[in-house]
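Below is one structure, written out as structure tokens; the observations come after it.
Remember, it's 1-based here, ligands and their atoms both numbered in the order they're listed. Sequential numbering from 1 along the given sequence is applied to the chain's residues.
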Amino acid sequence: MTQHRSRIAGIGTYLPTRIMTNADMSALVDTSDEWIRERTGIAQRHIAADDEYTSDLAVEASRAALAHAGLGTENIDLIIVATATPDLTFPATATIVQHKLGIHHGAAFDVHAVCSGFLYALAVADNFIKAGQATNALVIGAETFSRILDWTDRTTCVLFGDGAGAMVLSAGGEGEGLIKTHLRSDGQFCDLLYVDGGPSRTKTVGHLRMQGNQVFRHAVGKIAGSMEELAGMAGVPISDIDWFVPHQANQRILEGVAKKLAIPVEKVISTVGRHGNTSAASIPLAFDAAVQDGRIKRGDLVLMEALGGGFTWGAALARY
Ligand code: ACO
């Protein structure tokens, strides 16, 4: 039986208009542009307005992705939002997005895997499509991490930003589309990167806490391992892959993974300097930037990868 692939029919993104530079950051906490750039590669990040919610960012990105795909909202029968910063504890942000897009058919739900969330959402949508349960899925990564940062903690607040990216995944890909996804998690590392509040334990929203150097230590090995495993399962040598679209946590992690797998750094799409770490939104934001500037073209082999809180991690290989 020929297995049809899920095609990446379109991609779109949205960034809030307010830009916060490293100089702005050093007015808040004891840090400097030099420290942030040297340790992370980040120069600036976008911050959502007080009345701009994760669902609003997701809706803007979805509209752009639908326009790129040449599809209307009537074509969408599945919406998955990957987010760790939902509008509300419930309902799912995906249902709020569905309502704001004027869609009243199909199914909508959230996926929670923090910075790997987009890969998890992509894998779920791909499986829905392959099982014949969906035809056109909106797969969205949308975050307002500025809302869960401790703005007095210089070790975390300088790293993150807000934004959203969406892909339209459609049935009917033959040579093109998602080739394979590889998902991993290991909850023993949950204390290294977490939010110290939640409805059940503290009845609060909480703030992001991270042992950055510990996370860093795990990131390169786990991400590179997942990429190698995926490439092996797909029968595609790493050297045949045209573009690498990593989760944008830190320029040094991006370069560490590239070095470990002997990937030329020019093949690694990096937007961390302009966006900071936008968690689940970072892969589609980086992917779209490279489509817009003409680097990623139709037919190119693209590998996406991420590691996030949990830990969760993984990779996805697609022929765009
Ligand atoms: N400005 C100035 N100094 C700082 C800052 C800052 N913003 N932050 C920390 N420092 C200081 C520390 O206090 C420490 O000072 P000390 O030596 O006097 O104690 C010194 O800088 C070094 O601190 P480290 O934490 O060892 O610095 P490191 O080189 O590890 O860089 C960083 C920190 C950028 C956080 C890095 O560890 C990192 O990027 N980690 C991974 C983050 C990541 O990948 N997250 C992934 C997923 S995110 C998600 O899932 C939500």
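Note on Ile8 and Phe128: same hydrophobic cluster, where clusters join Ile, Leu, Val, Met, Phe, Trp and Tyr whose side-chain heavy atoms are under 4.5 Å apart, directly or indirectly. Side-chain heavy atoms closer than 4.5 Å link hydrophobic residues (I, L, V, M, F, W, Y) into clusters, and following such links, possibly through other members, connects Phe244 to Val272.
Within the 4.0 angstrom cut-off, atom 16 (P) of ligand 1 has no protein heavy-atom neighbours. Using a 4.0 Å threshold on non-hydrogen atoms, atom 47 (C) of ligand 1 counts as touching the protein. For atom 44 (O) of ligand 1, a protein heavy-atom neighbour is found at a distance under 4.0 Å. Distances from atom 32 (C) of ligand 1 to the protein include no heavy-atom value under 4.0 Å. In this structure, atom 38 (C) of ligand 1 has a protein heavy-atom contact shorter than 4.0 Å.
The shell of residues lying under 4.0 angstrom from ligand 1, judged by heavy atoms, excludes Met25. Not close to ligand 1: Gln211, with no non-hydrogen atom less than 4.0 angstrom away. Heavy atoms of Ala219 come nearer than 4.0 angstrom to ligand 1 in no pair at all.
Screening Asp162, Asn22, Thr278 for a side-chain hydrogen bond (donor to acceptor under 3.5 Å, both in side chains) with Arg45, the sole residue that qualifies is Asn22. When each of Thr155, Val195, Asp191, Asp153 is paired with Arg209, the side chain to side chain contact (heavy atoms under 4.5 Å, CB included) condition holds for Asp153 and for no other. With respect to His182, the side-chain hydrogen bond (donor to acceptor under 3.5 Å, both in side chains) criterion is satisfied by exactly one of Glu305, Glu229, Glu228: Glu229.
Checked by atom type and distance alone, the side chain of Asn75 pairs as donor or acceptor with a backbone atom of Gly72 at under 3.5 Å. With hydrogens and angles disregarded, a donor-acceptor distance shorter than 3.5 Å links the side chain of Glu143 to the backbone of Ala280.
Within the 4.5 Å cutoff, the side chain of Asn277 has no heavy atoms near those of the Phe145 side chain. Residues Leu15 and Leu57 are not in side-chain contact: their nearest non-hydrogen atoms beyond the backbone lie 4.5 Å or more apart.
An N or O contact shorter than 3.5 Å is missing between Ile253 and ligand 1 by distance. Taking any N or O of Leu159, backbone or side chain, none lies under 3.5 Å from an N or O belonging to ligand 1. On a distance-only criterion, Asn250 and ligand 1 share at least one N/O pair closer than 3.5 Å. Ligand 1 has an N or O atom lying under 3.5 Å from an N or O atom of Arg39, backbone or side chain. Remark: ligand 1 and Asn277 share no N or O pair separated by less than 3.5 Å (distance only, no angle test).
Ring geometry for His46 against His275 counts as perpendicular: the plane angle is over 60°, on a 0 to 90° scale with 30° as the lower cut.
Salt-bridge annotation for Asp300 and Arg295: absent, with no side-chain N of the basic residue lying under 4.0 Å from a carboxylate O of the acidic one. Taking 4.0 Å as the cut-off between side-chain N and carboxylate O, Asp186 and Lys222 do not count as a salt-bridged pair.
Ligand 1 places these atoms under 4.0 Å from at least one heavy atom of Met210: 42 (C), 45 (N). Residue Val158 approaches ligand 1 through these ligand atoms, each under 4.0 Å from one of its heavy atoms: 7 (N). Those atoms of ligand 1 with a heavy atom of Ala249 less than 4.0 angstrom away are 43 (C), 44 (O), 46 (C).
Heavy atoms of Thr31 found under 4.0 angstrom from ligand 1 belong to the backbone as well as the side chain.
For atom 50 (O) of ligand 1, the nearest non-hydrogen atom of the protein is Cys115 SG, 2.7 Å. Of the protein's heavy atoms, Gly212 O, 3.5 Å lies nearest to atom 41 (C) of ligand 1. Looking at atom 25 (O) of ligand 1, its nearest protein heavy atom turns out to be Asn213 ND2, 4.2 Å. Closest to atom 14 (C) of ligand 1, if we only count protein heavy atoms, is Arg154 NH2, 4.8 Å.
For atom 34 (C) of ligand 1, the candidate residues are Thr40, Leu193, Ile36; the nearest heavy-atom contact is made by Thr40.
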